[in-house]
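The structure displayed is predicted, hence computed values, not measured ones.
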Amino acid sequence: MPCYVRFVLLLLCLVVIGECRKHKSRKKRWSAPAETHKPGTPLSKKVADGTKSRKVKTSHLLRIDEHDFTMRPAFAGPAVPVGVDVQVESLDSISEVDMDFTMTLYLRHYWKDERLAFPSSTNKSMTFDGRLVKKIWVPDVFFVHSKRSFIHDTTTDNIMLRVFPDGHVLYSLRVTVTAACNMDFSRFPLDSQTCTLELESYAYTDEDLMLYWKSGDESLSTDDRISLSQFLIQKFHTTSRLAFYSSTGWYNRLYINFTLRRHIFFFLLQTYFPATLMVMLSWVSFWIDRRAVPARVSLGITTVLTMSTIITGVNASMPRVSYIKAVDIYLWVSFVFVFLSVLEYAAVNYLTTVRDGKDRKLREKVREQSQTLPCTCGMSHARTMMLDGTYSEADANSLAGYTRASMAAEDASEKQERMVVHLSLDNEPTGTKKKGIRGFRIIQNTHAIDTYSRMIFPGAYILFNLIYWCVYC
């Protein structure tokens with residue numbers, strides 16, 4: 001064989017040997033490094049952990065394809081115990097108009113499904129997101145009397161599924177729910193409200209699913225930073241009972257109860273203080289002269305309209321209930337006090353007008369009689385005449401034969417008041433003396449209604465406030 005042929009064959013053999021060595025090095029790079037045996041230690045074979053194997057899929061490890069997860073665990077057997085605990089993240093809002101509340105919470109379920117058991121030497125659990133939930137059985141818990149609810153999905157669905165090697169499952173989700181709350185506003189705004197969030201299985205009765213609080217009262221936890229602008233959260237507590245439906249049967253129902261007490265300071269500033277000030281402002285008219293008709297009328301109308309505005313504003317933020325609220329009692333009693341102050345001036349003005357009319361008629365009658373009589377000088381007859389307050393005292397003394405019984409000095413502010421002057425003679429008949437008043441008098445046309453109102457109105461309103469706050473506080 002020629003030498004050049006031998007050389008080519010040798011070169012080919014070297015190339016083949018090099019390729020084989022490269023292939024072996026690649027295998028070592030991708031395989032796990034071999035454990036080195038330390039001297040003095042016994043040789044033991046390590047059991048492979050199925051959960052750490054990169055070649056086993058989740059569906060194969062949990063044997064999802066081998067079971068029918070449309071049926072509950074232990075189907076046709078005893079009821080599946082499902083423990084529940086709740087962590088309240090926030091109490092977002094309380095609406096009196098809609099009579100509901102909005103709450104964000106973490107809802108966790110605990111149960112055992114032996115179909116999901118898997119081998120593991122470390123006894124560690126496996127955690128999954130919401131994609132696996134659609135492939136296995138989970139409890140169908142819903143919120144009774146809920147109006148709206150949703151599972152948060154930022155940035156992904158806020159769902160967590162944790163499976164333990166023995167088949168125990170933890171299913172957690174973050175939910176915001178708006179549920180109805182039956183509120184009683186008979187003591188509003190000095191009220192306390194108790195609202196309830198109810199959880200129940202939709203399809204499974206108590207024979208198939210036993211819903212219970214996992215740790216009793218400790219199953220409900222809240223964030224200490226939860227606060228509301230109008231309410232003080234007093235306490236949270238849990239209860240459970242059976243609910244019966246005539247067409248389907250008995251169901252386990254869990255309750256989350258919480259009590260709220262309303263802050264009163266906001267309503268004191270916005271409702272009670274303005275109403276009290278309007279009532280006090282209406283009393284100012286009792287010190288205004290009764291002849292100042294525009295001043296007293298405008299003051300009364302202004303206070304009445306202001307009270308109407310306050311009542312309308314309060315009722316606009318409240319549901320249209322068919323019973324009387326505590327704030328309604330206060331506002332409407334205040335409105336009555338303001339309205340009575342207007343009626344008081346109407347009564348004063350009316351009585352003043354009637355009195356002035358009677359005085360005018362009496363004055364005209366006396367003037368007619370005085371014009372038809374002859375001179376009464378030296379005669380014992382008695383006559384009565386009416387003089388206006390604008391007449392001077394000299395004019396009154398110029399009447400010969402008349403004696404003045406009494407007369408009061410005229411006040412500067414009462415120059416327009418009328419005077420009834422009774423002039424008596426000696427020989428007046430007995431019947432005429434009984435009808436008239438002896439002596440010369442000045443009767444000022446004033447009324448005691450305003451004077452009494454200055455004491456009665458404030459006293460009655462203070463008494464009402466004492467009774468009101470003692471009853472509702």
Fill in: Within residues 136-156 or reaching into it, pairs that qualify as salt bridge (charged side-chain N to carboxylate O under 4.0 Å, His left out) - sequence neighbours excluded
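Applying salt bridge (charged side-chain N to carboxylate O under 4.0 Å, His left out) to every pair that reaches into residues 136-156, excluding sequence neighbours, yields Asp100-Lys147.
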
Q. Which pairs count as salt bridge (charged side-chain N to carboxylate O under 4.0 Å, His left out) when at least one residue sits in residues 302-323, sequence neighbours excluded?
A.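 Applying salt bridge (charged side-chain N to carboxylate O under 4.0 Å, His left out) to every pair that reaches into residues 302-323, excluding sequence neighbours, yields nothing.
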
Arg225: partners by salt bridge (charged side-chain N to carboxylate O under 4.0 Å, His left out), with sequence neighbours left out: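 Applying salt bridge (charged side-chain N to carboxylate O under 4.0 Å, His left out) to Arg225 gives Asp223.
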
Got a sec, which residues hit side chain to side chain contact (heavy atoms under 4.5 Å, CB included) with [X], two or more places apart in sequence or on another chain?
{"X": "Trp250", "answer": "Asp206, Leu242, Phe244"}
{"X": "Thr306", "answer": "Met278, Thr302, Ile310"}
{"X": "Leu343", "answer": "Phe339, Leu340"}

Tell me every residue that passes ring pair (Phe, Tyr, Trp, His ring centres under 6.0 Å) with [X], counting only those two or more places apart in sequence or in another chain.
{"X": "His152", "result": "Phe150"}
{"X": "Phe266", "result": "none"}
{"X": "Phe164", "result": "none"}
{"X": "Trp111", "result": "Trp137"}

Might you confirm whether atom [atom1] of [X] has over 12 heavy atoms from other residues, nucleotides or ligands at distances under 6.0 Å?
{"X": "Tyr323", "atom1": "OH", "value": "yes"}
{"X": "Asn182", "atom1": "CG", "value": "no"}
{"X": "Met280", "atom1": "CE", "value": "no"}
{"X": "Arg454", "atom1": "CZ", "value": "yes"}
{"X": "Ile329", "atom1": "CD1", "value": "yes"}

Please report the interatomic distance CZ(Phe286) to CZ(Phe457), rounded to the nearest 0.5 Å.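 With rounding to 0.5 Å, CZ (Phe286) is 4.0 Å from CZ (Phe457).
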
Sequence neighbours excluded - side-chain hydrogen bond (donor to acceptor under 3.5 Å, both in side chains) pairs with any residue from residues 274-285: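 Listed by first then second residue: Thr276-Tyr330.
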
Run the side-chain donor-acceptor check on residues 227-238: report pairs under 3.5 Å with partners two or more places apart or on a different chain.
residue	atom	partner	partner atom	Å
His237	NE2	Asn257	ND2	3.3
Thr238	OG1	Asp217	OD1	3.2

